[in-house]
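Here the structure is laid out as C-alpha cells; the discussion comes afterwards.
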Amino acid sequence: MSVKILRRMESVFTVTLTFYCLFTVGVHGDSFTVLQAPEFVSFQKGDWPVSGEKIPDLVALTMGFSVQEDLLWPGLQAGPLFQRPRANVLVVVRGVDSLALPQSVASYPLENPVPFTMDSVAETVHSLFAEDTPVVLQLAPSEERLYMLGKANAVFEDLPVTLQQIRARLSQDGSVLSSLPLNSLSRNAEADLLFLSEVQVLHDITALLQRHRHLAKDHSPDLYSLELSGLEELSRLYGPDSPQYRDATALLASVLQKFGQDVYGLYGNSSVVEVVTVKAFEAPLTRKSRSILESRQISNRGSLYNLAHKYDVEYAVVFNIVLWLMIVLALAVIAIAYNLWNMDPGYDSIIYRMTNQKIRMD
C-alpha cells in the first residue's frame with residue numbers, strides 16, 4: 001500500500017515539475033517591446049514570436065521601406081501609404097531577458113536571438129535621402145563602436161563614445177551621477193561605470209536633439225540603433241541575483257521609459273521606439289567597417305569550385321523590362337521605316353505637296 005502511495009506521489013511530483021518547467025519557459029525569455037509608436041503604425045497585441053534575424057526587416061517596414069522577402073508576421077499591420085514615422089529608435093539590451101517597463105504599446109517573444117545590424121536600413125535611408133539631412137546613428141558604447149552617416153551627424157560628433165570620454169563626461173556637471181539613484185551601484189567599479197556610461201549616452205542623445213530640434217522637423221527619416229551591454233557585465237561580475245544587478249535593471253527600465261517618451265515628443269509623436277532584450281546571443285557578432293559608397297566586388301576569384309554568381313532577386317524583373325522594351329522599340333523602328341519607304345511625297349507630305357500636277361496646273 002505504501003509503495004502505491006509513493007508511486008502516486010512521485011507521478012504527481014513529476015507532472016507538477018513538468019508543468020512548472022513549461023510555465024517558466026513560456027513566461028521567461030527574450031522579448032521585443034514597442035515602447036512608442038504613432039497611430040498610423042499599427043502593432044497588434046498578441047504572443048506572436050518574432051525572429052531575431054527579421055528585426056531589420058521589421059524596422060524597415062515600420063519606416064515605410066520595402067524589403068526583399070515578405071514578413072509573414074501578424075504583429076504589424078499595413079498602414080497608410082503616404083504616412084511614415086519621422087524616426088525609428090531601436091535599443092538592444094544585452095544581459096537580461098525582459099525589463100519591467102511601466103508603459104508599452106506591445107510586447108512579443110523573441111526567438112532565434114542571433115546578432116543583427118541595421119546596415120541594410122541605414123543604406124536605404126542614405127540612398128533615398130542623401131541630399132537631405134537624415135540622422136543615421138549606430139552606437140555601441142561598451143565596444144566603442146560608432147557608425148554615422150549623412151550630413152546631420154556633425155551634431156553628434158561630440159558625443160562621447162570611448163570609455164575614457166564617457167568617464168570624463170560622468171565627472172562633469174549635469175551627469176547622470178547627480179540625478180539618478182545609484183543605490184548599490186558604485187562610482188569606482190569598472191562594470192558599474194560601464195553601465196552608467198550607457199545611461200549617460202542615452203541622456204546625451206536626447207539633450208543634443210533638444211538643442212537641434214530642426215533635425216527632428218525635416219522630411220527625412222532618422223535611424224538610431226543603440227546596443228547596451230552594461231547589464232551583461234554586471235551579471236557576469238556580481239551575478240543575476242545580486243543587488244547591483246537588480247538595481248541596475250530597475251534603473252535601466254525607468255531610463256528607457258523616459259528616453260522613449262522624450263524621443264517620441266521631440267519628433268512630434270511621430271517616431272517608433274523599440275527595445276530588444278536578449279539574455280545572450282547565440283553567435284558572436286562580427287562586423288566590418290566600410291564606407292557606404294564602397295562598390296561591391298563582382299569578381300569570383302575566391303570561389304572554390306568556380307561557380308557562377310548568385311543572381312539578385314530583382315534580376316528577372318529587370319531582365320523582362322529591358323527585353324520587352326527593346327522588342328517594342330525595334331518593332332516601332334521597323335514600322336516607321338516601312339511607312340517612310342512606301343510614302344508618296346505628293347500625297348502624304350505637306351512639304352512636297354507642290355509636286356502634285358493638279359496644283360501646278362492651277
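No side-chain heavy atom of W324 sits under 4.5 Å from any side-chain heavy atom of L329. Between N112 and E53 there is a side-chain heavy-atom pair separated by less than 4.5 Å. Considering only heavy atoms from C-beta on, L137 comes within 4.5 Å of I205 through its side chain. Residues F116 and V92 meet the side-chain proximity criterion, which asks for heavy atoms closer than 4.5 Å. Taking the side chain as every heavy atom from C-beta outward, V105 and L35 never approach each other to under 4.5 Å. Counting heavy atoms from C-beta on, the side chains of F65 and L128 come closer than 4.5 Å. Counting heavy atoms from C-beta on, the side chains of M63 and L223 come closer than 4.5 Å. Put simply, the side chain of Q83 does not reach to within 4.5 Å of the side chain of V41, judged on heavy atoms.
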For this session: Show the numbers, then the answer: is there a salt bridge (Lys or Arg N to Asp or Glu O under 4.0 Å) between R169 and D204?
Result: CA-CA 10 Å; R169 177 68 181 90; D204 290 342; 3.3 Å; yes
For this session: Apply side-chain contact (heavy atoms from CB on, under 4.5 Å) to L58 and V67, showing your working.
Result: CA-CA 9 Å; L58 182 59; V67 295; over 6 Å; no
For this session: For L110 and V278, run side-chain contact (heavy atoms from CB on, under 4.5 Å): C-alpha distance rounded to whole Å, both residues' side-chain angles, the deciding distance at 0.1 Å, then the answer.
Result: CA-CA 8 Å; L110 182 67; V278 179; 3.8 Å; yes
For this session: Evaluate side-chain contact (heavy atoms from CB on, under 4.5 Å) for F156 paired with L209, printing each intermediate quantity in order.
Result: CA-CA 9 Å; F156 298 93; L209 286 177; 4.0 Å; yes
Exercise. side-chain contact (heavy atoms from CB on, under 4.5 Å) between Y264 and V272: does it pass, once the steps are laid out?
Worked result: CA-CA 7 Å; Y264 188 69; V272 181; over 6 Å; no
For this session: Would you please test D57 and Q68 for side-chain hydrogen bond (donor to acceptor under 3.5 Å, both in side chains) and show each step?
Result: CA-CA 9 Å; D57 293 342; Q68 293 184 355; over 6 Å; no
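No more than 12 heavy-atom neighbours from other residues, nucleotides or ligands sit within 6.0 angstrom of CG on D47. Counting non-hydrogen atoms of other residues, nucleotides and ligands closer than 6.0 Å to CZ of F40 gives a total above 12. Within 6.0 Å of atom NE2 in H219, 12 or fewer heavy atoms from other residues, nucleotides or ligands are found, so the atom counts as exposed in its surroundings. Crowding of N339 atom CG: a count of heavy atoms from other residues, nucleotides or ligands under 6.0 Å exceeding 12.
Distance alone, capped at 3.5 Å, places no donor-acceptor pair between the Q138 side chain and the S225 backbone. The main-chain N or O of A87 is never found under 3.5 Å from a side-chain atom of D222 such that the two would form a donor-acceptor pair. Checked by atom type and distance alone, the side chain of S186 pairs as donor or acceptor with a backbone atom of N188 at under 3.5 Å. Counting only distance, with no hydrogens or angles, the side chain of S107 and the backbone of T33 share no donor-acceptor pair below 3.5 Å. In this structure, E198 contributes its side chain and L228 its backbone to no donor-acceptor pair below 3.5 Å. A donor-acceptor pair is defined here as one N or O able to donate and one able to accept, closer than 3.5 Å; such a pair exists between the side chain of D30 and the backbone of K279. Judged by distance alone, with hydrogens and angles left aside, the side-chain atoms of S229 form no donor-acceptor pair with the main-chain N or O of E232 at under 3.5 Å. No side-chain donor-acceptor contact under 3.5 Å links S220 to the backbone of F129. At distances below 3.5 Å, at least one donor-acceptor pair connects side-chain atoms of S127 with backbone N or O atoms of E123.
Relative ring orientation between F319 and Y315 is described as parallel, the plane-to-plane angle staying below 30° on a 0-90° scale split at 30° and 60°. Classified by interplanar angle (parallel below 30°, tilted 30° to 60°, perpendicular above 60°), the ring pair F32/F43 is tilted.
Q261 and Q36 are not linked by any side-chain donor-acceptor pair at a separation below 3.5 angstrom, with hydrogens and angles left out of the test. Inspection of the E233 and S235 side chains reveals no N or O donor paired with an N or O acceptor under 3.5 Å. For the residue pair S31 / T277, a side-chain donor-acceptor distance below 3.5 Å is found, with atom types taken as modelled. In this model, no donor atom of one side chain and acceptor atom of the other lie less than 3.5 Å apart for T206 and D262. Checking Y238 against D192 by side-chain atom types alone, a donor-acceptor pair falls below 3.5 Å.
Atom OG1 of T124 and atom CG of D119 lie 10.5 Å apart (nearest 0.5 Å). Residue L185 holds its CG atom at 7.0 Å from CG of N183, rounded to the nearest 0.5 Å. Atom OG of S184 is separated from atom CD of Q244 by 4.5 Å, given to the nearest 0.5 angstrom. Rounding to the nearest 0.5 Å places CG of L234 at 8.0 Å from OG1 of T249. Here R86 contributes atom CZ and S271 contributes atom OG; the two are 9.5 Å apart, rounded to the nearest 0.5 Å. In this structure, the separation between CG on L182 and CZ on R187 is 5.5 Å, given to the nearest 0.5 Å.
In the hydrophobic cluster analysis, where Ile, Leu, Val, Met, Phe, Trp and Tyr join through side-chain heavy atoms closer than 4.5 angstrom, L323 is grouped together with L331. Under the 4.5 Å side-chain contact rule for hydrophobic residues, F259 and L251 share a cluster.
Closest heavy-atom contact between P49 and W73: O-NE1, 3.2 Å. Taking all atoms of both residues into account, the shortest heavy-atom contact from A248 to L231 is CB-CD2, 3.6 Å. Between Y267 and L215, the closest heavy-atom pair is CE2-O, 4.4 Å. Minimum heavy-atom separation, F281 to P113: CD2-O, 3.3 Å. The two residues Q257 and Q103 come nearest to each other via the heavy atoms OE1-O, 2.9 Å. When every heavy atom of V125 is checked against every heavy atom of P134, the shortest pair comes out as CG1-CB, 3.8 Å.
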